[in-house]
Q: 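This is the structure I have questions about; it appears just below.
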Amino acid sequence: MQSDTLHTYSENSDLFIQKYESISSETLLSHVFTYFPPAPARILDIGAGTGRDANWLSRLGYIVTAVEPVAAFRQAAVTLHPTPKITWHDDHLPDLSKLTKRGGTFDLILLSAVWHHLDAKAQDKSLKRFQELLGPNGKIILSIRQGKDILDNRAATQSTLNTTRTAEHLGYRVEARQITQSVQTQNKEDGVVWIWLVLDKYA
């Protein structure tokens, strides 16, 4: 994630924490949850924010590792979702150097509202890194924000094309592509939608 984005999140953490926690994980992930492996699969939640989704998934029986570079969000997670079932890491894309050194693989990598913060080069590098972190037949589920502005739409379309092309070049299979409305009231009124991609890693 770019440094200016991290700075924005850090400086406005209270506002973002309130927004994150107002969203239902069950509603947000309902369109793609059918692609999740059955619990107790190992899930890596990157850009986990306040732990909203990580907590929900852990309560469903998944083994969850959460990565979040913003200290204020990690601190909020400990307060709002105090559970030993989530392993937290201070790390960031595209390198995920700390997590990689830790070792181990995952059955699914989740990136909700994260991918559009990365430029094309960082996205490509992240997809390569995920190959090391995914176990055989692992999956990636990610969302790309598409705004009401035509320039945002073009950027989202280009990001989606770049991601699918790079993924296929690296040996992933694009299992699904879905478009959903934003679950945030203001974003919904502004016509914001999300492009969800499900990528499979062959064994």
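All residue numbers in this chain count up from 1 along the given sequence. Side chains included, hydrogens not; waters and symmetry mates left out as well; all remaining heavy atoms used. Everything quoted here is computed from the prediction, not taken from an experiment.
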Q: To the nearest 0.5 Å, how far apart are CG in Asp95 and NZ in Lys101?
A: 10.5 Å
Q: Where the side chain of Glu68 meets the backbone of Gly49, is there a donor-acceptor pair that is under 3.5 Å apart?
A: yes
Q: Please say whether more than 12 non-hydrogen atoms of neighbouring residues, nucleotides or ligands are located less than 6.0 Å from CD in Gln178.
A: yes
Q: Which pair of non-hydrogen atoms, one from Arg145 and one from Val192, has the smallest distance, and what is that distance?
A: NH2-CG2, 3.2 Å
Q: What is the distance from atom CZ of Arg177 to atom CD1 of Ile195, rounded to the nearest 0.5 Å?
A: 5.0 Å
Q: Restricting to non-hydrogen atoms, name the atom on Lys201 and the atom on Leu134 that form the minimum distance, rounded to 0.1 Å.
A: NZ-O, 2.9 Å
Q: Kindly indicate whether the side chain of His89, heavy atoms from C-beta on, has any atom under 4.5 Å from the side chain of Lys98.
A: no
Q: With the side chain counted from C-beta on, respond yes when Phe106 and Asp45 share a heavy-atom pair under 4.5 Å apart, and no when they do not.
A: no
Q: If you measure from the Lys or Arg side-chain nitrogens to the Asp or Glu carboxylate oxygens, is any gap between Arg173 and Asp200 under 4.0 Å?
A: yes
Q: Compare every heavy atom of Asp53 with every heavy atom of Ser25, then report the nearest pair and how far apart it is.
A: OG-OD1, 2.5 Å
Q: Under 6.0 Å between the ring centres of His81 and Trp88?
A: no
Q: Are Ile141 and Tyr35 side-chain neighbours, meaning at least one heavy-atom pair lies under 4.5 Å?
A: yes
Q: Taking atom OG of Ser143 and atom CG of Leu111, what is their separation to the nearest 0.5 Å?
A: 8.0 Å
Q: Using side-chain heavy atoms (C-beta onward) and a distance below 4.5 Å, is Arg154 in contact with Gln146?
A: no
Q: Return the CD1 to CD1 distance between Ile86 and Ile63, rounded to the nearest 0.5 Å.
A: 12.5 Å
Q: Could you check His116 against Trp194 for ring pair (Phe, Tyr, Trp, His ring centres under 6.0 Å), going step by step and ending with a plain yes or no?
A: CA-CA 10 Å; His116 59 288; Trp194 292 89; 5.4 Å; yes
Q: Check the pair Phe36, Leu60 against side-chain contact (heavy atoms from CB on, under 4.5 Å), reporting the backbone distance first and the verdict last.
A: CA-CA 12 Å; Phe36 277 58; Leu60 291 177; over 6 Å; no
Q: Is there a path of hydrophobic side-chain contacts, each under 4.5 Å between heavy atoms, that joins Val78 and Leu80?
A: no
Q: Start with the C-alpha distance between Ser182 and Val193, add both sets of side-chain angles, then the distance that settles side-chain contact (heavy atoms from CB on, under 4.5 Å), and finish with yes or no.
A: CA-CA 5 Å; Ser182 175; Val193 300; over 6 Å; no
Q: Please report the interatomic distance CG(Leu110) to CD1(Ile140), rounded to the nearest 0.5 Å.
A: 11.0 Å
Q: Are the side chains of Leu44 and Leu108 in touch, meaning some heavy atoms are under 4.5 Å apart?
A: no
Q: Under 4.0 Å between a side-chain nitrogen and a carboxylate oxygen: does that hold for Asp107 and Lys139?
A: no
Q: Ile109 pairs by side-chain contact (heavy atoms from CB on, under 4.5 Å) with which of Leu142, Leu133, Thr65, Val67?
A: Leu133
Q: Step by step, work out the side-chain hydrogen bond (donor to acceptor under 3.5 Å, both in side chains) result for Asp124 and Asn162.
A: CA-CA 8 Å; Asp124 291 351; Asn162 177 74; 3.2 Å; yes
Q: What are the two closest non-hydrogen atoms of Leu199 and Ala167, and how far apart are they?
A: CD1-CB, 3.9 Å
Q: Do the ring centers of Phe33 and Trp56 come within less than 6.0 Å of each other?
A: yes
Q: Can you see which heavy atom on Leu28 is nearest to which on Ser112, and at what distance?
A: CD2-OG, 3.6 Å
Q: Shortest non-hydrogen contact from Lys85 to Ser58?
A: CB-CB, 4.1 Å
Q: State the CH2-OG1 distance between Trp196 and Thr160, to the nearest 0.5 angstrom.
A: 13.0 Å
Q: Checking Tyr62 side chain against Pro37 main chain: does a donor-acceptor pair fall under 3.5 Å?
A: yes
Q: Do the side chain of Ser22 and the main chain of Lys19 share a donor and acceptor less than 3.5 angstrom apart?
A: yes
Q: Would you check if Ile46 and Trp115 make a side-chain contact, meaning some heavy-atom pair closer than 4.5 Å?
A: no
Q: So do the side chains of Phe130 and Leu96 get within less than 4.5 Å of each other, counting heavy atoms only?
A: yes
Q: Around atom CD of Glu132, are there more than 12 heavy atoms of other residues, nucleotides or ligands at under 6.0 Å?
A: yes
Q: Determine the sole option in Arg74, Gln75, Glu21 for which the side chain to side chain donor-acceptor pair (under 3.5 Å) test with Thr50 is passed.
A: Glu21
Q: With heavy-atom distances below 4.5 Å as the criterion, would you say the side chains of Gln123 and Ser159 are in contact?
A: yes
